[in-house]
There are 2 protein chains.
Amino acid sequence: MFAGCADHTPLPVRVGDKWTAKILVCLRDGPRRFSELRVPLAPITPKVLTGPLRAVERDGLVTRTARPGIPPRVEYALTPRGRSLFAPLAVACAWNAAHGAELRAVRAANGGR
Amino acid sequence: MFAGCADHTPLPVRVGDKWTAKILVCLRDGPRRFSELRVPLAPITPKVLTGPLRAVERDGLVTRTARPGIPPRVEYALTPRGRSLFAPLAVACAWNAAHGAELRAVRAANGGR
DNA sequence: CAGTATCCGAAACGATACTG
DNA sequence: CAGTATCGTTTCGGATACTG
């Protein structure tokens, strides 16, 4: 049905969840450290951030680089594959720009559950 | 961050879940009845199908038309707004065709949790 | 036929606290 | 700083059974 997709989701990677896409966007302009990611994603907790971060790392969308020393310093950076996801993401945002407001109006009118 | 989006998801509508996008695809070639949807979506249960179906109806992506009579006959059909979602969906599928296999290989190598 | 009613389990999200 | 450990809540998906 969705050629090439795992059969249980339309999208191949975990970008439909609450945080993953935002994480990728935060890394768009360069590597960021764990705590640097927490700022734009506030009020995300460390535990919640860790989940999707491990997932994108496992999927080769982001690299994790730990530099030894005190204090510890860990940098997250997009891979080319991670960067390639911005294309579908941009199209989703374009749909939003075109239809989002209207959709939310209809949803509210129908009882925005 | 995602212009025009609800703040809790990158995508505006519920297409990141397991069934919604598949439902839209099933309606692509014309209206379908409840039971007709269950066939390509097997082994979905009626209760599970009802959830996303009510959501897309509430969001104006699909219309629900009940014809009186015995047996009951209910038809679901895409609206123009629902149809417009195929554009972003197609781009997601294209990403899959280009990167999906590689991604699943990496994921499996890293312990496909 | 087109659903609804119950009950269940898994996963995501979240608050709070603690550690190398 | 960069996490992990616990605990609790909510949501999704699913199995089974029942109804207008």
By nearest heavy atom, map A:Pro52 and B:Tyr76 onto DNA chain C; which one lands nearer the 5' end?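 That would be B:Tyr76.
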Could you walk me through whether A:Leu24 and A:Leu85 pass side-chain contact (heavy atoms from CB on, under 4.5 Å), step by step? CA-CA 9 Å; A:Leu24 298 179; A:Leu85 270 172; 3.9 Å; yes
Whole angstrom value for the distance that separates C1' of C:dA15 from CG of A:Leu49: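 Atom CG in A:Leu49 sits about 16 Å away from atom C1' in C:dA15.
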Under 4.5 Å between side-chain heavy atoms, hopping through other hydrophobics if needed: is there a path connecting [X] to [Y]?
X       : Y        : value
A:Ile23 : A:Val25  : yes
B:Leu27 : A:Val106 : no
B:Val74 : B:Leu53  : yes

Note, A:Leu103 side chain near A:Trp95 side chain (heavy atom, < 4.5 Å):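 The answer is yes, as the side chains (C-beta and beyond) meet within the 4.5 Å cut-off.
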Any side-chain heavy-atom pair from B:Arg83 and B:Thr79 closer than 4.5 angstrom?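 No, too far: nothing below the 4.5 Å cut-off.
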When all nucleic acid strands are considered with a 4.0 Å heavy-atom cut-off, which category describes B:Val74: base, sugar-phosphate, or nothing?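 Result for B:Val74 = sugar-phosphate.
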Classify B:Arg67 by what it touches in the nucleic acid, base, sugar-phosphate, or nothing, heavy-atom distance under 4.0 Å.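 Nothing, no nucleic acid heavy atom in range.
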Judged by each residue's nearest nucleotide on DNA chain D, which is more toward the 5′ side, A:Glu75 or A:Lys47?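 With A:Lys47 and A:Glu75 compared, the 5'-side residue is A:Glu75.
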In terms of the nearest nucleotide of DNA chain D, which residue is placed more toward the 5' end: A:Pro71 or A:Thr50?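 The residue closer to the strand's 5' end, by nearest nucleotide, is A:Pro71.
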Identify whether NZ of Lys or CZ of Arg in B:Arg33 sits under 6.0 Å from the centre of the six-membered ring of B:Tyr76 and within 45° of that ring's axis.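 Relative to the ring axis of B:Tyr76, which defines the angle, B:Arg33 lies outside at least one limit.
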When B:Glu75 is tested against each of B:Arg64, B:Glu36, B:Arg67, B:Arg32 for side chain to side chain contact (heavy atoms under 4.5 Å, CB included), which residue passes?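 By the side chain to side chain contact (heavy atoms under 4.5 Å, CB included) criterion, B:Glu75 pairs with just one of B:Arg64, B:Glu36, B:Arg67, B:Arg32: B:Arg67.
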Identify which one of A:Leu61, A:Asp29, A:Val62, A:Thr63 satisfies the side chain to side chain contact (heavy atoms under 4.5 Å, CB included) criterion when paired with A:Leu78.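 It is A:Val62; the other options fail the test.
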Distance-only, no hydrogens or angles: does the A:Thr20 side chain make a donor-acceptor pair with backbone N or O of A:Pro52 under 3.5 Å?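 Between the backbone of A:Pro52 and the side chain of A:Thr20 there is no qualifying donor-acceptor contact (under 3.5 Å).
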Quick check: does any side chain N or O of B:Arg38 sit under 3.5 Å from a backbone N or O of B:Leu49, one acting as donor and the other as acceptor?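 No; zero donor-acceptor contacts below 3.5 Å.
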Give me the first and last nucleotide of DNA chain D, going 5' to 3', that has any atom under 4.0 Å from a heavy atom of chain B.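 It runs D:dC12 to D:dG20.
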If you write DNA chain C from 5' to 3' in dot-bracket form, with Watson-Crick or G-U pairs under 3.5 Å, [ ] for crossing pairs and | for pairs with another strand, what do you get? ||||||||||||||||||||
Which residues within residues 30-39 of chain B lie with some heavy atom under 4.0 Å of an atom in DNA chain D?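 The stretch gives none, as no residue of it lies under 4.0 Å from the strand.
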